[in-house]
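Okay, structure first, notes after.
Position 1 is the first residue of the sequence, and the numbers go up from there. Both counts, for ligands and for their atoms, begin at 1 and track the order of listing.
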Amino acid sequence: MVRNGQDVRNLPADAILTPSARDLLLEMEIRGIKPSVPGSSGAGTSAPAKTLSSKSSPSELEAFFNSPYCHNFKLQICDIGRRLWGRAYVDGNGGNVAIRVGEDIALCTPTLVSKGFMKPEDMCLVDFEANQLLGPKKRTSEILMHLQIMKRQPKAVATVHCHPPYSTGFAVAGVAPPTCMIPEFEVFASVAIAPYRTPGTPEMGQLVADLVDTHNVILMANHGVVSWSHNNVEDAYFKMEILESYCRTILVASQLGRTPNIISPAQLKDLLKIKKNLGIPDPRYGRK
Ligand SMILES: [Zn+2]
């Protein structure tokens, strides 16, 4: 509702609020952002009438960047940053998050800050060539990779990059997590490994982008993980929780002295059907 610029005070009495919805409402209240009352002057609470791009006028971009609508995206990035840090998926100033907010523009995290303690005013607006358009802090140096994913995969509306220890362990060992063990992983994640290149370089982004046609989670060798979502930034973050928990479970299963049981091909087929309906890519569609 908030994303569509609707007034949350019109929530149905029997609405069930998820914990993150409750947090968002609280956050809005704390920051004094009242959603617009329909018919009144609620300028900037809903998506811009026309899709913005790097060619939009500076004043249009600035109005957008300072609008409550954009502020909501900034809050979402802060929220995801807190969750990444809280789960120890990021270390030091590592990790970064981006949300596509126009034809060829994205909102992203700044460089050299802990993802657990970001404020909405820290966020940066960049074009798809990684030029910073707005925001007082300098954009993350790893933004190229996020932008190359968005350029190559038009469905990617948000990207998350972090260094969760178990998944990164697989990436360091060069081992792709085995499949057919846990349904949730099969349905929500399609994982591939990209070879190592220096973080932040165009070569690194290129190697990742080459995989996003058929995969939504990329393990970057000797580095970490990046995921994208066709839904929203929280969904891109969910991939991290799913992958990290999966890698941890696989590690436990591998230490129990038994060959793990696996899901049968017929059972996998069922899961892939669900996955396809959810609009999630997988290189195995159509295979016998
Ligand atoms: Zn990194």
Side-chain angles (χ1 to χ4, degrees), residues 76-100 106-118 122-124 126 128-130 132 135 137-153 156 158-177 189-212 215-229 233-248:
Q76 286 177 32
I77 294 181
C78 295
D79 174 51
I80 296 303
R82 264 193 302 276
R83 290 155 82 173
L84 287 168
W85 186 84
R87 278 190 167 255
Y89 290 180
V90 290
D91 36 86
N93 52 51
N96 17 80
V97 181
I99 300 179
R100 186 197 290 261
L107 201 62
C108 72
T109 48
T111 188
L112 298 175
V113 298
S114 165
K115 299 304 154 314
F117 305 89
M118 297 184 294
D122 294 337
M123 299 307 147
C124 318
V126 293
F128 273 16
E129 300 311 313
Q132 183 146 356
K137 293 203 170 162
K138 193 180 178 313
R139 64 164 177 67
T140 165
S141 60
E142 285 185 293
I143 188 62
L144 265 180
M145 173 178 75
H146 297 257
L147 299 171
Q148 278 169 288
I149 292 173
M150 288 179 186
K151 276 202 262 190
R152 190 70 73 86
Q153 178 50 270
T159 45
V160 172
H161 163 54
C162 59
H163 312 141
Y166 288 89
S167 318
T168 305
F170 277 75
V172 170
V175 175
S190 298
V191 181
I193 303 188
Y196 179 82
R197 291 293 184 280
T198 305
T201 58
E203 293 75 28
M204 181 71 258
Q206 189 65 40
L207 288 166
V208 167
D210 286 345
L211 295 165
V212 296
H215 300 87
N216 59 359
V217 182
I218 314 296
L219 285 176
M220 292 182 283
N222 301 86
H223 180 176
V225 193
V226 62
S227 65
W228 66 266
S229 166
V233 70
E234 187 182 40
D235 186 48
Y237 164 76
F238 280 168
K239 314 288 178 217
M240 295 301 179
E241 287 195 0
I242 291 165
L243 172 70
E244 182 67 352
S245 149
Y246 186 71
C247 288
R248 210 170 153 180

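Of the possible polar contacts, one joining the S227 side chain to the A236 backbone as a donor-acceptor pair under 3.5 Å is found.
Among the atoms of H223, an N, O or S atom falls under 2.8 Å from the Zn ion (ligand 1).
Expressed to the nearest 10°, the angle at the Zn ion (ligand 1) joining NE2 in H161 with OE2 in E142 is 90°.
Residue H163 approaches the Zn ion (ligand 1) most closely through its N/O/S atom NE2.
Below 30°, between 30° and 60°, or above 60°: for Y89 and Y237 the angle between ring planes is between 30° and 60°, a tilted geometry.
Partners of Y246 by ring-ring contact (aromatic ring centres under 6.0 Å, His included), not counting sequence neighbours, listed by chain and number: F185. Listed by chain and residue number, D79, E234 satisfy the salt bridge (charged side-chain N to carboxylate O under 4.0 Å, His left out) test with R83 (two or more places apart in sequence, or in another chain).
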